[in-house]
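Down below is the structure, laid out as structure tokens.
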Amino acid sequence: MNPAKIAKRLLDPPLYHTGPEWLNRMGWQVARTSFHHGLHAIRSRPAPVEGIAASLAEGERTGCVVIPNFLAPQDFERLQAYCASLRTSGAVKVDENRGNTGLDFTTAAINGNSPDAQWVVEKIARDARLLCVVGTLSRRHIRRPPQVAYQLLTMRPGADFSPDAETILHADRHFPAVKAYYSLNVSTVENGAYVLCPGSHRLTAARLRHEYSESIRYAKLRDKFNVDIPQKNLDEMGVKEVTILTEPNTLVVSNNFGFHRRGHFERGAVREQLRLVFHYLEEPVYATWAWSVLRKLDRRNLIPPKLRHAIQYRLT
């Protein structure tokens, strides 16, 4: 196993599928999934924040919470100005034609000591509504803010979008896992708006049968595993896709044990957002410290290119 794979294995949350075929035929994946969801069920919810009770109820029912007009108008204008300055600064990193999709990914971490960066963390990452929603969906008491990153996805001029694994319906983990993003521009079908399947975050008998059969299929195929979910499994689980269309200044939080995917991009499409990363809720305790060290090394260009390519999703 090469160093990049070792690093990911040690620092990432538990793998979705593990173990040989015989062990999964005996119910290993079903046991892992049931165990994690059992822990989730017995953990207490955090105290609700005033004014978002309806959003929390919707989140527990569908697995997704959408909060429009998240910031006051003057705060949103300040945030837009700050992000515009980020795009022209040396802090951004551009991953051209990422994964041969035709998309250019422009990213920048928002974790510095500048007044504007600190303001963003306070206004968004430490917002009581965000932390309450994440705490409710994850059944954890959130004690520190998420990692914040600016992200601009731009479809290359004259290029046609080439779908990748993120555009295929999938779940991130075999246990409740929270994803959050804040839309800086309008999210449409044309610019790859987020697609999810409401209610698919719930652990049902049909979902356990899916986990069982997919764990065996994965154990057989490994590197040749096709992430496409068999249609018969989707039909049995009653999965229905919904595209999350939002206006600028909208916060979206979802439980990514539920099925979801990135939408497709039309020519010239642009999507601008902040990513709010709560990986520390899922990963080993020591990994949060290790990622912090790796990000500092990356800023000094001290990480070998192959390793950086493998872990770049956590370096911004």
Side-chain angles (χ1 to χ4, degrees), residues 1-37 95-103 105 153 159-177 179 192 194-197 200-201 203-239 241 256-265 279 282-284 287 304-315:
M1 186 178 292
N2 64 42
K5 288 186 177 180
I6 293 174
K8 284 174 64 65
R9 180 67 61 85
L10 290 175
L11 299 177
D12 272 358
L15 295 176
Y16 198 133
H17 296 292
T18 64
E21 181 183 345
W22 68 267
L23 188 59
N24 281 288
R25 286 191 180 279
M26 293 181 65
W28 171 238
Q29 179 70 2
V30 171
R32 296 173 74 224
T33 303
S34 299
F35 174 74
H36 281 289
H37 282 263
D95 190 358
E96 296 183 350
N97 194 21
R98 184 169 177 175
N100 295 317
T101 58
L103 285 171
F105 276 62
L153 282 64
D160 289 320
F161 180 66
S162 179
D164 61 1
E166 291 298 313
T167 63
I168 298 173
L169 202 63
H170 65 283
D172 287 353
R173 307 290 177 197
H174 58 288
F175 52 82
K179 172 180 181 177
Y194 187 53
V195 178
L196 61 80
C197 302
S200 62
H201 68 296
L203 187 62
T204 63
R207 180 63 183 268
L208 280 175
R209 287 192 291 271
H210 165 76
E211 294 296 325
Y212 177 76
S213 63
E214 286 297 273
S215 67
I216 295 171
R217 188 164 72 95
Y218 178 83
K220 285 181 176 180
L221 299 174
R222 297 288 175 176
D223 293 338
K224 297 180 180 179
F225 179 72
N226 185 339
V227 296
D228 278 303
I229 302 171
Q231 188 60 48
K232 63 181 181 64
N233 291 20
L234 295 175
D235 292 342
E236 185 178 357
M237 290 183 287
V239 168
E241 290 189 359
N256 279 20
F257 175 67
F259 297 114
H260 61 281
R261 65 179 179 85
R262 190 202 306 140
H264 290 205
F265 280 71
H279 282 310
E282 310 160 23
E283 64 198 11
K306 286 186 178 180
L307 176 58
R308 189 191 186 283
H309 180 74
I311 63 176
Q312 63 182 349
Y313 66 103
R314 290 294 305 276
L315 296 177

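Just so it is clear, the model here is predicted, and its values are computed rather than measured. Atoms considered below: every heavy atom in the structure, side chains included; atoms not considered: hydrogens, waters and symmetry mates.
- For the residue pair His260 and Asp172, a side-chain donor N or O sits within less than 3.5 Å of a side-chain acceptor on the partner.
- Using a cut-off of 4.0 Å between Lys/Arg side-chain N and Asp/Glu carboxylate O, Arg261 and Glu241 are scored as salt-bridged.
- Proximity of a side-chain donor or acceptor of Asp235 to a complementary backbone N or O of Pro230 within less than 3.5 Å is not detected.
- For Phe105, the side-chain contact (heavy atoms from CB on, under 4.5 Å) test picks out Asp95, Arg98, Leu103, Gln151, Leu153, Arg262, with sequence neighbours left out.
- In this structure, Glu21 CD and Arg217 CZ are separated by 13.0 Å, a value rounded to the nearest 0.5 Å.
- The side-chain heavy atoms of Leu203 and Phe257, taken from C-beta on, include a pair separated by under 4.5 Å.
- Contact of the Ser215 side chain with the Arg32 side chain is not registered, since no non-hydrogen atoms from C-beta on lie closer than 4.5 Å.
- In this structure, Leu196 and Tyr194 approach most closely via the heavy-atom pair CD2-CE2, 3.6 Å.
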Quick one: do Phe265 and Thr101 satisfy side-chain contact (heavy atoms from CB on, under 4.5 Å)? Show the steps, please. CA-CA 9 Å; Phe265 280 71; Thr101 58; over 6 Å; no
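- Taking 4.0 Å as the cut-off between side-chain N and carboxylate O, Lys232 and Glu236 do not count as a salt-bridged pair.
- Annotation: side chain of Leu169 is in contact with side chain of Val239 (closest heavy-atom distance under 4.5 Å).
- Each of Glu211, Arg209, His210 was scored for a side chain to side chain donor-acceptor pair (under 3.5 Å) with Asn233, with one residue passing: His210.
- At least one donor-acceptor pair under 3.5 Å links the side chain of Asn97 to the backbone N or O of Gly102.
- Side-chain atoms of Gln29 never come within 3.5 Å of backbone atoms of Gly19 as a donor-acceptor pair (strictly under, hydrogens ignored).
- A search for ring pair (Phe, Tyr, Trp, His ring centres under 6.0 Å) contacts involving His36 returns His174, Phe175, not counting sequence neighbours.
- In this structure, Pro176 and His201 have side chains that are not in contact, with every pair of non-hydrogen atoms separated by 4.5 Å or more.
- Atom CZ of Phe35 sits in a sparse spot, with 12 or fewer heavy atoms from other residues, nucleotides or ligands closer than 6.0 Å.
- Residues meeting the ring pair (Phe, Tyr, Trp, His ring centres under 6.0 Å) test with Tyr212, sequence neighbours left out: none.
- Among all heavy-atom pairs drawn from Arg173 and Pro14, the shortest one is NH1-O, 3.7 Å.
- Residues Leu208 and Thr33 form a side-chain contact, since some pair of their non-hydrogen atoms from C-beta on lies under 4.5 Å apart.
- A donor-acceptor pair under 3.5 Å links the side-chain atoms of Thr167 to the main chain of Asp164, judged by distance alone.
- Pro20 and Ala219 get closest at one heavy-atom pair: C-CB, 3.9 Å.
- For the pairing with Tyr218, the side chain to side chain contact (heavy atoms under 4.5 Å, CB included) check across Lys220, Arg222, Glu214 returns one residue only, Arg222.
- A distance of 10.5 Å separates CD1 in Ile216 from CG in Leu23, rounded to the nearest 0.5 Å.
- For the atom pair Ile168 CD1 and Asp228 CG, the distance stands at 4.5 Å (nearest 0.5 Å).
- How far OG of Ser200 is from CD1 of Ile229: 8.5 Å, rounded to the nearest 0.5 Å.
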